[in-house]
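Read the structure below first, then the notes.
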Amino acid sequence: MKNHPMVCDLETGVCGVASEDELGMIDFNQPKKSVEVYYVTDPICSHCWALEPVLRRFIEQYGHYFNFHTIMGGLLEKWGDGPVDPANGISGPADVVGHWREVGEYYRMPIDGTVMMNNPVQSSYPPSRVFKVIQKNQHDATAFEYLRRAREALFIFNENIAEESVMIDIVNKLGLDGGAIVHESEQTSGQQLLNEDFDLARNLGVRGFPTIIMMNEDNKGLKIVGGRPFVNYVEGLKQVLNFEELQPKQQPSLLSLLEKEKLLFSKEIEVMYDWEKSEAIAYVKKELSSDQYEMKEMLGECYITTK
């Protein structure tokens with residue numbers, strides 16, 4: 001107990017903190033999850049990769065206020081003859097590299113991108129279908145982990161995550177039957193699952209990724225398009241709930257977070273624990289013993305992995 005002025009009051013019969021209420025209700029219940037949060041995304045969306053540090057903290061600390069739904073948006077069905085993203089000058093796979101590098105550098109969630117020159121992803125639909133099958137057969141948390149591993153494979157390790165062998169390997173590493181799940185995703189039912197997400201995204205009025213939509217019991221909502229600072233999502237949740245204040249959960253320890261995530265960039269640690277870039281490495285060394293992690297670097301950004 002922290003040091004507080006203590007009193008023993010004969011009238012109230014209390015020995016305790018001064019000004020403690022004599023009679024009061026205590027609510028030990030978790031808050032009712034009256035908000036639905038829809039995250040519309042795609043496995044090859046670079047801005048979604050950049051949002052991961054903020055989104056992780058938002059879910060970790062405020063997830064007890066909402067039900068979280070990940071929706072596949074269908075960023076790239078296939079490369080065609082015309083421009084796919086005219087605003088960024090993207091007509092073919094090779095055009096993606098410069099844009100991805102720029103996004104990675106700006107948000108400090110680095111992206112190599114050379115896979116799009118050497119062995120480009122031809123469509124984001126195959127990994128999206130695998131996500132949907134895992135989500136249907138397993139659990140949202142497992143599907144969300146698959147999405148993270150797929151992005152690591154693509155953006156960091158230059159793997160074509162639309163290739164069957166790569167998808168099978170990623171799913172196998174989750175402890176699931178990669179061959180069976182990828183096979184199921186290639187059936188008509190796999191595309192039907194994906195089409196349901198496309199319909200939902202369309203009905204929600206989503207036109208770009210990432211988009212976060214928060215909707216309350218009165219079907220009144222808030223849409224946040226693109227990557228925004230952490231405080232924007234917290235303020236948005238307050239607005240949708242019509243609460244003046246929210247009670248965040250304590251951030252997880254760095255060790256438990258690393259054991260769960262397996263790989264964390266410096267930016268992800270900084271956002272989760274409110275550290276400056278210059279302080280993050282010292283924090284890692286203080287919190288973890290040398291046999292618990294390895295430190296590596298990519299494009300000037302440090303990241304840690306489990307040993």
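Scope of the values below: all heavy atoms of this structure, side chains included, with no hydrogens, waters or symmetry mates. These numbers come from a predicted model, not from an experiment.
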Please tell me if the side chains of [X] and [Y] come closer than 4.5 Å, counting only heavy atoms from C-beta onward.
| X | Y | value |
| --- | --- | --- |
| Ser46 | His99 | yes |
| Met215 | Leu222 | no |
| Ser34 | Leu241 | yes |
| Lys296 | Thr305 | yes |
| Tyr125 | Gln191 | yes |
| Ile181 | Val130 | yes |
| Pro93 | Trp79 | yes |

Between [Y] and [X], is the closest basic N to carboxylate O distance under 4.0 Å?
| X | Y | answer |
| --- | --- | --- |
| Glu270 | Arg108 | yes |
| Glu145 | Arg149 | yes |
| Asp274 | Arg57 | yes |
| Asp291 | Lys307 | no |
| Lys238 | Glu235 | yes |

Under 3.5 Å: donor-acceptor pair, side chain of [X], backbone of [Y]:
| X | Y | result |
| --- | --- | --- |
| Lys136 | Phe131 | no |
| Trp100 | Met116 | no |
| Gln61 | Lys249 | yes |
| Tyr233 | Arg228 | yes |
| Glu52 | Trp49 | no |
| Asn119 | Asn160 | no |
| Asp218 | Lys220 | no |

**Q.** Members besides Leu255 in its Ile/Leu/Val/Met/Phe/Trp/Tyr cluster (side-chain heavy atoms under 4.5 Å)
**A.** Leu254, Leu257, Leu258, Leu264, Ile269, Met272, Tyr273, Trp275, Ile281, Tyr283, Val284, Leu288, Tyr293, Met295, Ile304
Q) Which one of Leu194, Ile134, Leu193 satisfies the side chain to side chain contact (heavy atoms under 4.5 Å, CB included) criterion with Arg129? A) Leu194
Q. Where do Gln292 and Ser289 land on the side-chain hydrogen bond (donor to acceptor under 3.5 Å, both in side chains) test, with the steps shown first?
A. CA-CA 6 Å; Gln292 292 174 323; Ser289 61; 3.2 Å; yes
Non-hydrogen atoms of [X] and [Y] that approach each other most closely:
| X | Y | value |
| --- | --- | --- |
| Pro110 | Phe265 | CG-CE2, 3.2 Å |
| Ala280 | Ser266 | CB-OG, 3.6 Å |
| Asn172 | Gly179 | OD1-N, 4.3 Å |
| Ile156 | Met298 | CG2-SD, 3.5 Å |

Does [X], at its [atom1] atom, have more than 12 non-hydrogen atoms belonging to other residues, nucleotides or ligands within less than 6.0 Å?
| X | atom1 | result |
| --- | --- | --- |
| Glu297 | CD | yes |
| Asn203 | CG | yes |
| Lys260 | NZ | no |
| Gln187 | CD | yes |

Q: Please state whether the rings of Tyr107 and His47 are parallel, tilted or perpendicular, taking 30° and 60° as the class boundaries.
A: perpendicular
Reported [atom1]-to-[atom2] distance for the pair [X] and [Y], which is rounded to 0.5 angstrom:
| X | Y | atom1 | atom2 | answer |
| --- | --- | --- | --- | --- |
| Asp140 | His69 | CG | NE2 | 8.0 Å |
| Phe157 | Asp112 | CZ | CG | 11.0 Å |
| Arg202 | Asp197 | CZ | CG | 11.0 Å |
| Glu261 | Glu152 | CD | CD | 8.0 Å |
| Ser124 | Phe209 | OG | CZ | 8.0 Å |
| Gln135 | Thr70 | CD | OG1 | 6.5 Å |

Q: Determine, using the 4.5 Å side-chain heavy-atom cutoff (strictly less than), whether Ile224 and Val271 are members of one ILVMFWY cluster.
A: yes
Hey, are [Y] and [X] close enough side-chain-wise for a donor-acceptor pair under 3.5 Å?
| X | Y | answer |
| --- | --- | --- |
| Asn137 | Glu184 | yes |
| Thr41 | Tyr39 | yes |
| Ser256 | Glu259 | no |

Q) Met72 and Leu147: side chain to side chain contact (heavy atoms under 4.5 Å, CB included), yes or no, with the steps? A) CA-CA 10 Å; Met72 293 290 105; Leu147 184 59; 4.3 Å; yes
Q: For the pair Glu36 and Asn216, evaluate side-chain hydrogen bond (donor to acceptor under 3.5 Å, both in side chains) and give the outcome as yes or no after the intermediate values.
A: CA-CA 6 Å; Glu36 306 297 321; Asn216 63 22; over 6 Å; no
Q. Ring centres of Phe68 and Phe144 under 6.0 Å apart?
A. yes
Q.
The test is side chain to side chain contact (heavy atoms under 4.5 Å, CB included); show your working for Ile170 and Ile161 and say whether it passes.
A. CA-CA 9 Å; Ile170 294 170; Ile161 60 170; 4.3 Å; yes
